[in-house]
Amino acid sequence: MSVPDNGNVTLSINQSGIATISFYHPAQNSLPTALLNDLTAKINQAGNDSQTRIIILKSDGNRTFCAGASFDELLLIKDKQAGAEFFSGFARVINACRKSPKIIIARIQGKAVGGGVGLAAAADYCLATEAASVKLSELAIGIGPFVISPAVIRKIGLPAFSQLTIRAVDFQSAKWAMEKGLYNEVYPDITALDDAIVALTEKLAAYHPEALNGLKEILWEGTADWDELLNHRAAISGALVLSEFTQQALKGFLGGKR
Ligand SMILES: CC(C)(COP(=O)([O-])OP(=O)([O-])OC[C@H]1O[C@@H](n2cnc3c(N)ncnc32)[C@H](O)[C@@H]1OP(=O)([O-])[O-])[C@@H](O)C(=O)NCCC(=O)NCCSC(=O)C[C@@](C)(O)CC(=O)[O-]
């Protein structure tokens, strides 16, 4: 049995070399394996395309940016190997962002939870709305933010990461996320966010591509071990997700509907 493949990831590159990658899933833009793999492929494709100057990473809809791991798929995991493979999907997306030769600008229109916070942290620069509050809910569902933590800690540091993960049922505001360094700019609404995204990416796309590539390299200095590190972390989350605690917490959240 697998999760219905009813989301999608699209990639378009405009005349200015601005590549836009957008993902969508009907369950609050949560991420099953199929979408994680497609996201990785599109990030690689955009990064390797000679037309691309800059990448925008976004999701569809005007509500949740990303609800993290797909609970429907987590409920189907029956052994450690399958668990590790599922969470490796997040590792591959983060590593694709990290290794992309192009600067990635994230557009965060609404709430980011769990792996969604990881995605925001894997971008090079984040623009968000005031509605884009953040939560690391993993402890509340019996796992931990193991795969995403290197990316999140790199942006907000250990004290803020500790607060976010220990306060597992509390949302922190977009303003908090900006003060801590996850977001770089926060706008009152989606219209203002989109105006700012267009203005910034058009400027960036006109800069010297080799300077941007060089900047990308130094932004991620010191992360060469992340291929191995994140896969190791995926195995930790992949084993924890098998517990009765997690199964009950996920079924409780989904309200017995699945
Ligand atoms: C996103 C908000 C805030 C929106 O909050 P809201 O706008 O109030 O919407 P809602 O809560 O009413 O949800 C709407 C629908 O989306 C579904 N839904 C929602 N989330 C998921 C999900 N993840 N997987 C599957 N379905 C989900 C939810 O079940 C519901 O289904 P419906 O009743 O319409 O049939 C809220 O839904 C929420 O808090 N969701 C839970 C998000 C969460 O806890 N994510 C953490 C995932 S764990 C993770 O990512 C692990 C990782 C990768 O970090 C591990 C590691 O790093 O090692």
Side-chain angles (χ1 to χ4, degrees), residues 2-7 23-36 39-40 59-77 80 83-95 97 108-122 129 131-155 161 164-165 167-174 177 182 226 229-243 245-258:
S2 65
V3 174
D5 184 12
N6 49 4
F23 62 94
Y24 165 74
H25 192 280
Q28 305 295 318
N29 290 325
S30 55
L31 295 168
T33 296
L35 281 195
L36 289 166
L39 254 181
T40 300
S59 65
D60 287 4
N62 58 10
R63 198 162 169 177
T64 304
F65 167 67
C66 176
S70 162
F71 286 172
D72 298 275
E73 186 157 339
L74 292 185
L75 278 171
L76 298 177
I77 294 172
K80 285 184 183 176
E85 179 47 34
F86 173 74
F87 288 104
S88 299
F90 280 92
R92 285 191 289 270
V93 172
I94 292 170
N95 278 320
C97 291
I108 317 288
Q109 81 279 26
K111 288 177 179 160
V113 188
V117 176
L119 276 193
T129 67
S133 50
V134 292
K135 179 169 76 169
L136 291 182
S137 61
E138 287 86 345
L139 283 182
I141 57 167
I143 59 173
F146 295 106
V147 178
I148 63 167
S149 59
V152 179
I153 291 170
R154 171 181 167 269
K155 280 285 173 83
F161 169 77
L164 203 51
T165 189
R167 288 282 181 185
V169 295
D170 298 336
F171 274 101
Q172 304 298 333
S173 69
L182 179 66
W226 280 25
L229 174 67
L230 299 198
N231 277 331
H232 169 69
R233 297 293 186 80
I236 302 175
S237 288
L240 285 168
V241 80
L242 300 172
S243 75
F245 184 104
T246 295
Q247 297 291 312
Q248 289 309 321
L250 297 180
K251 284 179 186 154
F253 181 84
L254 295 174
K257 282 172 281 185
R258 278 73 164 180

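Order of listing sets the numbers, starting from 1, for every ligand and every atom in it. Here the structure is a predicted model, which means the values were calculated and not measured.
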Would you mind reporting whether [Y] and [X] have side-chain heavy atoms less than 4.5 Å apart?
X    : Y    : result
V113 : C66  : no
V169 : S137 : no
C97  : I94  : no
T246 : L74  : no
I141 : F245 : no
V134 : F171 : no
I236 : F87  : no

Heavy-atom distance to [atom]: which of [options] wins?
atom                    : options              : result
atom 45 (N) of ligand 1 : G142, P32, A67       : A67
atom 55 (C) of ligand 1 : G115, G238, G144     : G144
atom 8 (O) of ligand 1  : R63, Q28, K111       : R63
atom 40 (N) of ligand 1 : F86, F253, F87, F171 : F253
atom 4 (C) of ligand 1  : L74, T64, L36        : T64

Testing the 3.5 Å rule here: is there a donor-acceptor pair between the side chains of Q109 and S59?
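The answer is yes; a qualifying pair exists.
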What are the atoms of ligand 1, with element, lying closer than 4.0 Å to any heavy atom of [X]?
X    : answer
G68  : 50 (O)
S137 : 43 (C), 44 (O), 45 (N), 46 (C)
I143 : 51 (C)
E138 : 49 (C), 51 (C), 52 (C), 54 (O)
P145 : 56 (C), 57 (O), 58 (O)
D72  : 25 (C), 26 (N)
S30  : 22 (C), 23 (N), 24 (N), 25 (C)
S237 : 55 (C), 56 (C), 58 (O)

Please check this pair: side chain of T64 against backbone of A67, looking for a donor-acceptor N/O pair closer than 3.5 Å.
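Side chain of T64 to backbone of A67, a donor-acceptor pair under 3.5 Å: no, none is there.
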Would you say the side-chain atoms of T129 pair up with the backbone N or O of A131, donor to acceptor, closer than 3.5 Å?
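Yes, the answer is positive, given that a donor and an acceptor are paired below the 3.5 Å cut-off.
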Which part of [X] is near ligand 1, with near meaning a heavy atom under 4.0 Å away: side chain, backbone, both or neither?
X    : value
A69  : both
I236 : neither
F90  : side chain

Report yes if some N/O of S70 lies less than 3.5 Å from some N/O of ligand 1; otherwise report no.
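No, there is no polar N/O contact under 3.5 Å.
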What I want to know is whether L254 and ligand 1 share at least one N or O pair that is separated by under 3.5 angstrom.
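N/O-N/O distance below 3.5 Å does not exist for this pair.
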Mark yes or no: K111 above the aromatic ring of F65, with NZ or CZ under 6.0 Å from the six-membered ring centre and no more than 45 degrees from the axis.
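No, K111 does not sit over the ring of F65.
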May I ask whether [X] places a heavy atom under 4.0 Å from ligand 1?
X    : answer
I141 : yes
A234 : no
G118 : no
R233 : no

Minimum heavy-atom separation for L164 and Q172, please, with both atom names.
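Smallest interatomic distance, heavy atoms only, reads CD1-CG, 3.5 Å.
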Are E85 and R92 ion-paired here, with the side-chain N under 4.0 Å from a carboxylate O?
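Result for this pair is yes, salt bridge flagged.
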